[in-house]
Amino acid sequence: MRSVFFGTPEFSVLALRALHAVSDVVMVVTREDKQTGRGKKVRPTPVKVEAGKLGIPVFQPKNSNDEAALDVLRRQDADLFVVVAYGQILHAELLEIPKKYTVNIHSSLLPRFRGAAPMQWAILEGDAETGVSLMQIEEGLDSGPVWEMRKTPVDGKDFGDIHDELASLGAELLTDFVEAVRKGPVTFCEQEHEKATYAEKIDDCVTQIDVYWESAEEIERKVRAFSPMPGAYLEFRGERIKIFAAEVQSENLAPGIFRAGKKFLRLGTREGSLLVKEIQRPGKKRMDIVSFLAGVSLPEKGEI
């Protein structure tokens, strides 16, 4: 079975490996190389790096929907197009190229959290479980019919945990799908569109902690949703600090008030208090709270 894989970030890599193991991946389509980091070095996408290791030709069009790119894709004579976090909306003319299916692995239990950041929003909203969905792509935003889903509990996991777990589940799901296609036509089920919710893009406003409006429980979820990246941040005594690990406490502290000792820092919130466990100051490395407290001078109690 001939396939073309569309993907860009680290999340896509395991799925590419899985597809390579069960089909003839004739081409990998990924986004253009970008400048990253402080040195602004041009770096290949994680999927491009993996394709190089696997010996698969790489195609990096600026726009996969233009006629020149479509012509390249048609010449691959593919049975399947598989899309995993590619980062570009694909139009109907492209979706209809493969002989069998164009499918996508989406990191949520559709129709919940269609859109850009489903893993983070599952944590932010306090969902008990999340997962991956393998769906047939149509021109709507993550609205196509679903073949199958795989679930996992959220528990106390952070974004890094969920990211790695769903990447693995998605690869397993893709393997099973390809094997099902080998046996004959597969069945996709329409989503319950009236139940759809959307995971908006993560911006600076979403990652900011507001102890006056948010409870300790809500902030703890926010910390997990943005750990290890980009980090939930708090304006603390004139500095923007990022918090990467925290714990809800029963101690009642007024919103905006902190208590500190040599080994602990608690923040008062709208409801409950938050024990800060891992932190990062501007321009510094992440550190545990004991190391942070050793490098600052804080009163036992004061205003954030």
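Here, residue 1 is the first one in the sequence, and each next residue gets the next number.
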Legend entry - Pair K262-V290, side chain to side chain contact (heavy atoms under 4.5 Å, CB included): steps then yes or no: CA-CA 7 Å; K262 290 184 178 181; V290 175; over 6 Å; no

Inset, instruction - Determine whether R114 and S108 make a side-chain contact, defined as any pair of heavy atoms from C-beta on separated by less than 4.5 Å. - result: no

Inset, instruction - Report, as yes or no, whether the 6.0 Å neighbourhood of atom CD1 on I89 holds more than 12 heavy atoms from other residues, nucleotides or ligands. - result: no

Inset, instruction - Find the distance between CG (L95) and CG (N65) and round it off to the nearest 0.5 Å. - result: 8.0 Å

Inset, instruction - Find the distance between CD1 (I289) and CG (L293) and round it off to the nearest 0.5 Å. - result: 4.5 Å

Legend entry - Cationic N near anionic O, under 4.0 Å, E251 to R266: yes

Legend entry - same_hphob_cluster(V178, V186) at 4.5 Å side-chain heavy-atom cutoff: yes

Legend entry - Same cluster (ILVMFWY, side-chain, under 4.5 Å), L141 and F113: no

Legend entry - Selection residues 154-168 - residue pairs positive for side-chain hydrogen bond (donor to acceptor under 3.5 Å, both in side chains), sequence neighbours left out: T152-K157, T152-E165, K157-E165

Inset, instruction - Check whether any side-chain heavy atom of P98 sits under 4.5 Å from a side-chain heavy atom of L80, and report yes or no. - result: no

Legend entry - Under 3.5 Å side-chain donor-acceptor pair for K48 and Q60: yes

Legend entry - Minimum heavy-atom distance between I105 and A15, given as atom pair plus value: CD1-CB, 4.3 Å

Inset, instruction - Before accepting this row, confirm whether a basic side-chain N of the pair R74/E67 lies closer than 4.0 Å to the acidic partner's carboxylate O. - result: yes

Inset, instruction - Taking only Lys NZ, Arg NE, NH1 and NH2, and the carboxylate oxygens of Asp or Glu, determine whether E218 and K222 approach each other closer than 4.0 Å. - result: no

Inset, instruction - Go through the steps for L267 and I243 under the test side chain to side chain contact (heavy atoms under 4.5 Å, CB included), then give the verdict. - result: CA-CA 12 Å; L267 309 177; I243 302 176; 4.3 Å; yes

Legend entry - Evaluation steps, side chain to side chain contact (heavy atoms under 4.5 Å, CB included), between S3 and V25: CA-CA 5 Å; S3 62; V25 183; 3.5 Å; yes

Legend entry - salt_bridge(K99, D77) N-O dist < 4.0 Å: yes

Inset, instruction - For atom CD of E303, decide whether the heavy atoms of other residues, nucleotides or ligands shown that lie under 6.0 angstrom number more than 12. - result: no

Legend entry - Check ion pair E32-K62 (N to O, under 4.0 angstrom): no

Inset, instruction - Say whether, by atom type as modelled, one donor and one acceptor occur between the side chain of S227 and the main chain of F244 under 3.5 angstrom. - result: yes

Legend entry - Same apolar cluster (I L V M F W Y, side chains within < 4.5 Å links), V4/L70: yes

Legend entry - Contact summary for K151 and L109, nearest pair of heavy atoms: CG-CD2, 3.7 Å

Legend entry - Minimal non-hydrogen separation, G7 against T30, with atom names: O-OG1, 2.7 Å

Legend entry - Exercise: do E138 and Q136 side chains pair donor with acceptor under 3.5 Å: no

Inset, instruction - Please report the closest heavy-atom contact between M135 and G144, naming both atoms and the distance. - result: CE-N, 3.5 Å

Legend entry - SB check E214 R270 (cutoff 4.0 Å): no

Legend entry - Joint hydrophobic cluster, L298 plus I279, side-chain heavy atoms closer than 4.5 Å: yes

Inset, instruction - Tell me, with the steps shown, if N104 and L134 meet side chain to side chain contact (heavy atoms under 4.5 Å, CB included). - result: CA-CA 6 Å; N104 174 53; L134 192 147; over 6 Å; no

Legend entry - Y233 side chain near D204 side chain, heavy-atom distance below 4.5 Å: yes

Inset, instruction - Could you tell me whether the side chain of P255 reaches within less than 4.5 Å of the side chain of T269, counting heavy atoms only? - result: no

Inset, instruction - Establish, yes or no, whether the cationic atom of R224 lies under 6.0 Å from the six-membered ring centre of F226 and within 45° of the ring axis. - result: no

Inset, instruction - For residues P46 and V13, determine if any side-chain heavy atom of one lies less than 4.5 Å from a side-chain heavy atom of the other. - result: yes

Inset, instruction - Step by step, work out the ring pair (Phe, Tyr, Trp, His ring centres under 6.0 Å) result for F258 and F236. - result: CA-CA 10 Å; F258 72 85; F236 183 78; 5.5 Å; yes

Legend entry - Side-chain touch I56/F5, heavy atoms, less than 4.5 angstrom: no

Inset, instruction - Might you confirm whether atom CD of E217 has over 12 heavy atoms from other residues, nucleotides or ligands at distances under 6.0 Å? - result: no

Legend entry - Gap between atom CZ of F292 and atom CE of M287 - 0.5 Å precision: 7.5 Å

Inset, instruction - Flag the pair S64 / Y86 as yes when at least one side-chain heavy-atom distance between them is below 4.5 Å, and no otherwise. - result: yes

Inset, instruction - Flag the pair E194 / E192 as yes when at least one side-chain heavy-atom distance between them is below 4.5 Å, and no otherwise. - result: yes

Inset, instruction - Could you state whether M1 and L174 fall into the same hydrophobic cluster, counting links through intermediate Ile, Leu, Val, Met, Phe, Trp or Tyr residues with side-chain heavy atoms under 4.5 angstrom apart? - result: yes

Legend entry - Electrostatic pair K277-D288, nearest N-O below 4.0 angstrom: no

Legend entry - Reported CG-to-NE2 distance for the pair D142 and H106, which is rounded to 0.5 angstrom: 4.5 Å

Inset, instruction - Can you tell me which residue pairs pass the ring-ring contact (aromatic ring centres under 6.0 Å, His included) test with a partner in residues 53-81, sequence neighbours excluded? - result: F6-F81

Inset, instruction - List the atom of S12, the atom of V47, and the distance in Å for their closest heavy-atom pair. - result: CB-CG2, 3.5 Å

Legend entry - Pair E239 + R237, salt bridge at N-O below 4.0 Å: no

